Structures are given as C-alpha cells and as structure tokens.
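Here is the naming used below: chain letters follow the sequence lines, and residue numbers restart at 1 for every chain. What you see is a predicted model; the values in this text were computed from it and never measured.
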Protein chains: 2
Amino acid sequence: MTRPTSRDVATAAGVSQATVSLVLGDKWRGRVSERTAGLVREAATTLGYRPNLAARNLRLGSTRTALLVVPALTNEFFARVYTGAARIAAEHGFGVVLYPSPEGTGPARDPFASARAALDGVIASSMAAHALDAIGDAELPLVMLDSDPTATRAAAHVNLAMADGMRQVTEHLLALGHRRVLHLASAVDSWTFDIRAEALAALLGPHAELRTVRAPLTVADAHTAMEAVLAAPGSRPTAVVCDDDILAAGACKAARRLGLRVPEDLSVTGFDDLALATAVEPELTTVHLPAERVGEQGMSALLAVLDGAPWTAPDLPVDLIVRASTGLAPA
Amino acid sequence: MTRPTSRDVATAAGVSQATVSLVLGDKWRGRVSERTAGLVREAATTLGYRPNLAARNLRLGSTRTALLVVPALTNEFFARVYTGAARIAAEHGFGVVLYPSPEGTGPARDPFASARAALDGVIASSMAAHALDAIGDAELPLVMLDSDPTATRAAAHVNLAMADGMRQVTEHLLALGHRRVLHLASAVDSWTFDIRAEALAALLGPHAELRTVRAPLTVADAHTAMEAVLAAPGSRPTAVVCDDDILAAGACKAARRLGLRVPEDLSVTGFDDLALATAVEPELTTVHLPAERVGEQGMSALLAVLDGAPWTAPDLPVDLIVRASTGLAPA
DNA sequence: CGTCCGACGTTATACGTATTACTAGATGGG
DNA sequence: CCCATCTAGTAATACGTATAACGTCGGACG
C-alpha cells in the first residue's frame, strides 16, 4: 500500500508513463488524443495519484518555493507580511516557507537547512538581523524588506515611506500645539527605525524640544521606560511619538497609572496600526502600514527577479490615522 | 556557475561521490580514513557545497517536513503554536510548513499542492475547519489539535484542559459573589468553544443565572455585541466570561463607553493570555493557555507516530491568572 | 506510386543523492 | 604459505518525474 506513482497510473490506463506526465502536465495539445487523455485522468483520480513533489523538483531543478525570513511571527506585522506573500505566491503556484530567525539564543542554525527544501529565492526583513549574514553567502535571488537600498546587494527592495509617516505624525502634533515631544524608540537596531528617528528629529527640530528614550518592543518594557520618564522631575513632554503600537500601548498604560489622562494630559501616537491599536482605550492615533502589501510586493518582486525582469517600485505609502489618543496640548 | 554537487566535491577531493556522501552524512566510522574525510570536508567548504534537498528527499522517500494547518497566523495563539512546533521540529532535523486555511473566500485550494513539498505528516487545528476535509482523504499521519478525540481518525490528539479552565473561572467569579453572568462566546463553530460552553453552563447552572451571546473573534464585533447587551433594559450581568482575550478587550471597551467601570461595575474574564491581555487597561484576568506547548506536543506526537510508536498524553493544564479586570460583584 | 507529413504515442535519459554490494590490498594466526 | 579478517574505499543502482528524441501508421499530395 505505497503511494501510486505516475507509472502506476500509466499501467492502469494502458499507456506509457510519459503520456501520463504529458496529460497531467497539460502539455498534450495535439500529442495525445482526447480519448486517451480522458483515460489517463480517470485512472489518476481513481488511484488517488499525487505527483511526488521531491521528484518533480529534482527533475525541474526548481521548487517554486521562497523562503521568508522574519524576526518573529508573534509580531502581528510579520504575520500579515507572510499572509500577503503567501497569497501572491499561491496565485503563481509558489509556496512560502518561513524562517523566523531565532533570537540570538541557541546555536545559529542554518536557515536553508531548516527550510528542508530547495529554494528558488529569499525574501528577508531587515529586522531579522540574526539571519542576514547566513543568507548573504547564498547565491539565491534576494529581496529585502525595509532595508537600506544602498547597503545591500539585493536584487530588489520593498520599502515603506516611513519618513513620510513621521512627517504626518509631526505635522499633526505641531498643529495640536505640542512643543515638548518624547520619542519612544525601539531598542532594536534596524534601518526602518533609524529612518524614523532621523525624520522626526529633522522635522521637529526647529519647532519643538525633542527627547529620545529607547525600549524593547514589549508593552511591559515600554511601560517601565515611560513611567521613569513621567515620574522624573522637570517638565514633562506633552506628546510621545512611539515607533510601534506596542510601545504606544505601554506608554498609555504608564500615563494612566500615574493619573494622567490620554489625550487630555498626554498625547500618544503609535506606528503599524495593529489590531492592538483599536483594542486599547483610547484607540490609538497611529500610522497605518500596509503589511500585507509589503508581503505581496516582496513576492511579486521575487517572481519578477526569477523571470529575469528588473523590478522597481516606489515606496509604499503610509497613512496617519487619527483616533482618540491625541489631542490639544495642555496649557 | 551552477551549484556544486556532491560529485564536484568528490572530484575536487580526489575521491568517489559515494565517499563524499558517506563523510558528509556522518556514516564513515571505520569506512573512510580520518585523512580523506578531512579532505572531503575541506573540499566541500571551499566549494560551498550544499546538498540538494530535492534529490535527498527523493532518495530517502521522506522529507522530514510537516504541514501545520491553522486558521490564521494573525491570531497570536496560532503564531505561538507554530513557534513551538518549529522549535521541536528543528531539534529533530524537521521542518514545518504552514497552511493557513483561507477563510472560505476563494476556491478551496489544495493544502498539499500549496505546500510545494512532499510531506511526512500533518498537524491540524480543529479551528481550521475549511481545510479539514481536504486533509481527510490523504494517507498522511495526522495529529489533531484541540479536537474531539472520539470524532476523528487522527493518530494522536493534543488537547488543552479547557473545561478545567472554565471551572477555575467559574469558581473565581462565584467566590466574588457574581450571580448574573454573560457568556460572550465565539461565533466560530469549534469543539474547543463547545467544550467551554458546556463546562460553564454545567458549573454555573445551579448557582447563577447564565446568558450567552456570540460574536466573531474581533474586538470591534465583541464591542458592538456587548454594547447591545449592556444598553438593553432589564438587569445587567455583573460578570462577563469571554472565550477569548480579543472578545474580552471588546467587552471592556463597551463597558467603558457606557460609563461602566471595570471591575467595579462589571467583571470581565478572557481566555488565551495573549499579549493583548496585559496591553489593555485594566489588565485582563484570563486563562493562560500554553500555546507553544501545544505546538511542541503536536510535533512530538507526530514524530512519535512517524516512529511507529503510540502516543498519548494528558490534556495540557491551563491556569487562571487573576489580574485587574475582575472584582467583587456590585451590591 | 513514392514520399512526406501530421497525429499519436513510446523509449530513453537525466536530475543529485544515499546505500548496498563489491574489490583490492594489508595484516595476522595457524 | 594460505585463508580469514580488517581497512579503505569504489561501482552501481534506484528513488519518480519531465522532456527530448525517436517510431509508426495512415492518408494526402505531387
């Protein structure tokens, strides 16, 4: 009771294995009669034939499979990137396998061995720092997500207009009268975060006082970092710009714990527009990032590169969504 | 400039391809001299040799790859299940590829074709209802997560002690004096949710009044459903038991919008203990589910089944975590 | 009437690996 | 001195598929 092969189908249909392959591969225009093609298909279904992917991949020398390298799937943003990439891939008969680069801990395993499959290409987020050097030495086509276009040898880049997002945030806060701003930045070293920091500093610099505090990307860490800031003596910031909704949620909690109202006493902005942004009270003013689109474009770019076509696209637009966590600066 | 094969390594090292395979496969104890083994390894690294996984899989007739079928990765619970499964898999030289069953929309694609790889087994969540029948007809070893052990032909089951979780919730609320309880249940039809509903009704039945409202698993849906309940005339519930932290977050928002304080006026409990549970204010009293353990056990079970060993384990324990969203029933 | 051609298939082969047999030389015991 | 045993490798093969190259058999056409 082993799995039927194309040869089994062939004998069942009374034809040769090659004919089976032609029919099932849809390459029989004018090479096989309609009648025998029907016989083959019938035999295949009654036997429950499924082609052996390993054999096919070996023969074709390509697996129609891409590796997506992300820092962690528990981050909703990357789960959505995967979703987008997988959708486009499916439309083209491709698959996507994940390599969630393990957080430093443990021996740095081989992303390619762990994929357990020959790969046609790689899509990597610049935030998956741990895995990037291991990927560098591979000869595979590479698409980078959210990374410095001048710094890597990737075949294509997919970037978000992060600086523009920061511009929208800044203008929003300035219009509300805020002049003392805290940047609650990510502790992760990554190009996307650097871009935001630079943009914020440049845009806000002439008009307002800016301070920066960094925290790991968890609610609890943001909470403690923010509590320290708010409890310190001296003039408090009236607005806090966060690199991530997760940080913003922590900032809001810290404010509440210290008896400050959001947004009456303190305005808070996030980034990403995760489900979290509308789960907390007040709902977060944040910058919506089209995460699925990032995945879609990444996969599209890889497909283009595999076809030998050049690929380039403008940065994906991002949009400030004003909700309830920002308001007029307190007098 | 094509990828080097084991034969290329062989000629570079001045040995036969078989020897290369033996050395690199660590099967050369007493069959190859230490010196030539060194030569082979050296040649392999200088050439940058990587074995062709497709060829290996074809030869071995096994891919050391499992398919994980889940409803959606954007649900943090399943992202964590994946993480756990992937960790155990990696420890055994296995890989995990995902099939996030698409939500009804679109043509029901073939999970196995989309996996783009030959598979050794399948781990499926009962919540991925859309894909389950497609999986049924495959001859692959199957491990079911959170499903009725009497209803499927799975080789192994991994379940959580959901009924016990509900017991803990119920006792906690009864001890706080609650006698009018609302069950905010998931609109998804799934065994795990049925189990909870039954347990809650049975445990609470004699001691308190119970009403049930169902809502899709989003904060917004829970919000509107809950608002309808709280705004309706008649006696309000004093506690709401939610099937999921997402629903609980929506319930809290609804309460707050209507001017009710949590937990002084209304107690709310969740389920899952997602990051969301500690991101909202007040932090949610909820039932912690060991999501990573579910993935780990699922993968361990599959590995055991593949070894021909029987596998069975008690339900994974779950723990009520009392935080700030529950309190004494109002007088 | 010879030949050419289209329709319908088949035969043979290669993809890169792991593994089973086999070989050739050296060593040692009786 | 001869056979058994061990060491250090090699030759050959199969996994299941896709496809290039090759028949074969009528009928049409010059």
Task: Length of the line joining B/Q17:CD and D/dA14:P, which is rounded to integer Å - done: 15 Å

Open item on the list: Are the side chains of A/L98 and B/Y82 in contact, using a 4.5 Å heavy-atom criterion?
Closed with: yes

Task: Close approaches to DNA chain C from residues 20-41 of chain A, in residue order (heavy atom, under 4.0 Å) - done: A/R31, A/V32, A/S33, A/T36

- [ ] Measure the distance from CZ on B/R59 to C1' on D/dA14 and round it to the nearest whole Å.
- [x] 6 Å

Open item on the list: Using whole Å, what does the distance between atom P of nucleotide D/dG16 and atom CG of A/L60 come to?
Closed with: 16 Å

TODO: Go through D/dT19, C/dT19, D/dT17 for me and flag the one nearest to the A/T5 side chain.
DONE: D/dT17

TODO: Indicate yes or no for a side-chain donor-acceptor contact from A/T11 to the backbone of A/D8 under 3.5 Å, with no hydrogens or angles considered.
DONE: yes

- [ ] Please say which of A/L160, A/V69, A/I123, A/V70 ends up in a side chain to side chain contact (heavy atoms under 4.5 Å, CB included) with A/L145.
- [x] A/I123

- [ ] Quick one: list whatever passes side-chain hydrogen bond (donor to acceptor under 3.5 Å, both in side chains) with B/S300, sequence neighbours left out.
- [x] none

Open item on the list: Rounded to whole Å, please give me the gap between CZ in A/R56 and C1' in C/dG16.
Closed with: 18 Å

TODO: Rounded to the nearest angstrom, tell me the gap between atom CG in A/L47 and atom C1' in D/dG16.
DONE: 15 Å

Open item on the list: I'd like to know if B/R80 pairs up with B/E76 as an ion pair, taking the criterion as any Lys NZ or Arg NE/NH1/NH2 lying under 4.0 Å from an Asp or Glu carboxylate oxygen.
Closed with: yes

Task: Integer-rounded Å distance: D/dG16 C1' and A/N52 CG - done: 6 Å

